[in-house]
Each structure stands twice: as C-alpha cells, then as structure tokens.
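These notes concern the structure reproduced below.
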There are 2 protein chains.
Amino acid sequence: MSEIKQTSTNFSNKIALSDECPEAYASTIIGGQWTLVICSWLLSGKLRFGELKKKLPNITERMLTLQLRKLEENKIISRTVYAEVPPRVEYELTSIGYALKPVIKELEDWGASHKKLTSA
Amino acid sequence: MSEIKQTSTNFSNKIALSDECPEAYASTIIGGQWTLVICSWLLSGKLRFGELKKKLPNITERMLTLQLRKLEENKIISRTVYAEVPPRVEYELTSIGYALKPVIKELEDWGASHKKLTSA
DNA sequence: TACATTGCCTACCAATTGTTAGGTACTATA
DNA sequence: TATAGTACCTAACAATTGGTAGGCAATGTA
C-alpha cells in the first residue's frame, strides 16, 4: 500500500474496468485484505483504533492505519479525534458504508457455502 | 499471479482471516482484478476463450488464462475442450459459480451508488 | 525522573499481482 | 511454401500490497 503510479498500465486498466463495470469498481474499493472485516465489525457500531486492533487477528498497526485511511478517503468511514491525552480516535461507518451491509451478507453466505463445498 | 509462498506471514494471515470470516475468504477467491467481470459475463451463458477476450477491455491473454485457471481451481467455472483444429475451449459457470449472481448484483448496486456519491 | 498509554508515522524489505513480448501446435487455405 | 487461426505457455520485469521494526508526542502516575 503505497501510492499508485498514475502512468502505469496497471493503473489505466483499472480505470478502464471501473468505468464500465460497477462491480470491478466496487472491488477496487473494498478489495483490500482487511477492508471487509473492518467494515463488518463497524456494522455493529463505532470503534476505537485500539478496539479494532484487538478484534483483528494479527493485523499490524501500520496495516490498520493504512486501511482506515483508505476507507476514510473513500467516504466509507468517518474519523473523529478527541483532543485528549492519551489520544482517542473513533471510527464509524458513513451511510454509504452502512449500505455495504447487504453486500457483506451475500458475500458471507456465498463464502460459507463455497467453503462447505470445497472442504467436503 | 505466481505461486503463493506457504511460509510467508502474508499467507498465514490470509488463512487466519479466512478461517474466521467467510467474507474475507470469499474475497480471496473472487478478489482478482478481472475475476468478477469474467463471472458477470459468464452469468449470461458459456463463452469461448476468444469471446471472453473480446469482451474484456485490454486484458492480456496471459491474465485471462491465469484468471480462468484460478476460477477453475476454485470450482467456479468448468472448462470444456473440443479436440478440433483450431482448438475450441468453452467456459461455463458451475452451480456455485451461478450462486455468485446475488453477490455480483449487490456489489454492482453498491458500486453504482458509491460512484454517484463520490463523483457528485 | 522514569515509564506507560494511545494512535499514529517512517524507512525498508518481502510477497504477490499484473504486463510485455515472445513462443508453440496443428491444420487449412492462398 | 507462406500465412492465418485458436488457445494457450514461458521468461523477465514493473507495479502494488503487505510486513518488520523502530520512533514520536503529551500527559499522568510511580
């Protein structure tokens, strides 16, 4: 997760795809390794940085920060900083973030049945 | 898309996540750049390699091959080879592949509304 | 004064994903 | 004989994504 080199072929391919296919567009936004898991935790209410960290197995602080930043950029979560010491920061889904709920649900259902199928 | 080094931390993180969260599991399977687009074309019926290629903007043959192989491995599509010259190969969704339909639909809807929101 | 707490940030490196540019096999047609 | 068509494959490389290990600031407590 660094920057995207806006001159690469990779980049223009993604743009072209996203232009034509909303589902490809969506997957560039929520396709990160941790993105959906973070969102699914946030579906049940706002959480602090440290709380999220505890809920996510093995995530490093760097990754969590990066993912949260990306989600914030994409208006999926909002970030509230309380000017206290030690600092407190709360993350919460925006309305378009909450709109992910059916997506996550379908994905969960499908994932579960696929898993059952292939482990049998 | 090469192999996955099964000793990496990346790898074990993905496993751990997939174990607990069906949605993370699902996204490792259908999270490729082209995966969903391919599936959404196949939702309307079987297609040949060359036909798929025409429908996907800018995809290289190598990428298409890799993605199709991955989908086949995951039992999402089936592959039928006709022993003709020149060769003919048809790809078709399996039943778990067709089960992706609602997922794709939700993703499309969400993608479309997110796009509208952010371009406004 | 030393240390803990919280939510980050930085530099660097490892792994994964995607692209470029070439090739193959086999047959049929020009 | 030269060329075209189909569905691939390979080596080498470029870009992106994820991980490791450290650091910082301000304040409260020991």
Side-chain angles (χ1 to χ4, degrees), chain A residues 1-17 24 27-35 37-38 46-54 56-72 77 79-91, chain B residues 1-18 24 27-38 46-54 56-72 77 79-91:
Chain A
M1 302 212 87
S2 37
E3 297 124 54
I4 299 184
K5 205 162 285 182
Q6 307 211 341
T7 49
S8 68
T9 319
N10 273 10
F11 182 77
S12 46
N13 266 352
K14 264 182 194 155
I15 295 297
L17 258 182
S27 91
T28 66
I29 295 183
I30 57 166
Q33 180 172 167
W34 304 94
T35 320
V37 197
I38 294 175
K46 60 174 76 164
L47 287 172
R48 298 182 57 181
F49 185 88
E51 292 173 323
L52 271 172
K53 200 188 146 194
K54 270 175 222 142
L56 302 171
N58 303 332
I59 198 172
T60 59
E61 299 190 335
R62 180 183 127 92
M63 265 302 117
L64 185 49
T65 305
L66 285 173
Q67 301 283 342
L68 289 170
R69 287 282 180 282
K70 188 182 158 198
L71 287 170
E72 203 195 342
I77 60 174
R79 184 168 177 265
T80 314
V81 183
Y82 296 87
E84 306 170 352
V85 168
R88 183 158 65 97
V89 183
E90 284 181 347
Y91 295 93
Chain B
M1 302 214 86
S2 33
E3 298 125 53
I4 298 184
K5 203 163 286 183
Q6 306 210 342
T7 48
S8 68
T9 319
N10 271 10
F11 182 77
S12 45
N13 267 352
K14 264 181 194 156
I15 296 297
L17 258 182
S18 303
S27 91
T28 66
I29 295 183
I30 57 167
Q33 181 170 168
W34 304 94
T35 321
L36 282 174
V37 197
I38 293 175
K46 59 173 76 166
L47 288 172
R48 299 182 55 183
F49 185 88
E51 291 172 324
L52 270 173
K53 199 188 146 194
K54 271 175 221 141
L56 302 171
N58 304 332
I59 198 171
T60 59
E61 298 191 334
R62 182 182 128 92
M63 263 303 114
L64 186 49
T65 304
L66 285 174
Q67 300 283 341
L68 289 170
R69 287 283 181 282
K70 189 183 158 197
L71 286 170
E72 204 194 342
I77 60 174
R79 183 168 177 266
T80 314
V81 184
Y82 297 87
E84 308 169 350
V85 169
R88 184 158 64 97
V89 183
E90 284 181 347
Y91 295 93

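Reminder, nothing fancy here: chain letters follow the sequence lines and each chain counts from 1.
Minimum atom distance to the side chain of A:Phe11 is reached by D:dT16, of the listed D:dC8, C:dC8, D:dT16. Closest to the side chain of B:Thr60, out of C:dT19, D:dA7, C:dT16, is C:dT19. Which of D:dA26, C:dT19, D:dA7 sits closest to the side chain of B:Met63 comes down to C:dT19. Checking C:dC8, D:dA26, C:dT17 against every side-chain atom of A:Val85, the shortest atom distance belongs to D:dA26. For A:Thr65, the listed nucleotide lying nearest its side chain is C:dC8; candidates were D:dC9, C:dC8, D:dT27. Counting only heavy atoms from C-beta on, B:Val89 has its side chain closest to D:dC8 among D:dG19, D:dC8, C:dT27. With C:dT16, C:dT19, D:dG19 as the choices, the nucleotide that has an atom nearest any side-chain atom of A:Asn13 turns out to be C:dT19.
Looking only at side-chain heavy atoms (C-beta outward), B:Trp34 and B:Leu66 stay at 4.5 Å or farther from each other. Contact annotation: the side chain of A:Phe49 approaches that of A:Leu68 to within less than 4.5 Å [non-hydrogen atoms, C-beta and beyond]. In this structure the side chain of A:Val37 never reaches within 4.5 angstrom of the side chain of A:Ile59, judged on heavy atoms.
Atom CD1 of B:Ile59 is separated from atom C1' of C:dT17 by 13 Å (rounded to the nearest Å). In this entry the distance linking CG of B:Leu66 with C1' of C:dT20 reads 14 Å, nearest Å. When rounded to the nearest whole Å, the span between CD1 of B:Ile38 and C1' of C:dG18 equals 13 Å.
Side-chain atoms of A:Arg88 and base atoms of C:dT6 include no donor and acceptor less than 3.5 Å apart.
Each of A:Arg69 and B:Gly31 was assigned the nucleotide of DNA chain C with the nearest heavy atom; the assignment lying further toward the 5' end belongs to A:Arg69. For the pair A:Ser8 and A:Pro87, nearest-nucleotide mapping onto DNA chain D gives the more 5' position to A:Ser8. Across the interface with DNA chain D, nearest-nucleotide mapping of A:Pro86 and A:Thr9 shows A:Thr9 to be the residue nearer the 5′ end.
Close to D:dG18, at under 4.0 Å from its OP1 or OP2, lies a side-chain N or O of A:Gln67. Not one side-chain nitrogen or oxygen of A:Gln33 sits closer than 4.0 Å to the OP1 or OP2 atom of C:dT16. Neither OP1 nor OP2 of D:dA11 sits under 4.0 Å from any side-chain N or O of B:Arg62. Between B:Asn10 and the phosphate of D:dT17, there is no side-chain N or O to OP1/OP2 separation shorter than 4.0 Å.
In terms of heavy-atom proximity, B:Gln67 sits nearest to B:Gln33 at NE2-N, 4.5 Å.
Between the side chain of B:Thr65 and the backbone N or O of B:Glu61 there is at least one donor-acceptor pair closer than 3.5 Å.
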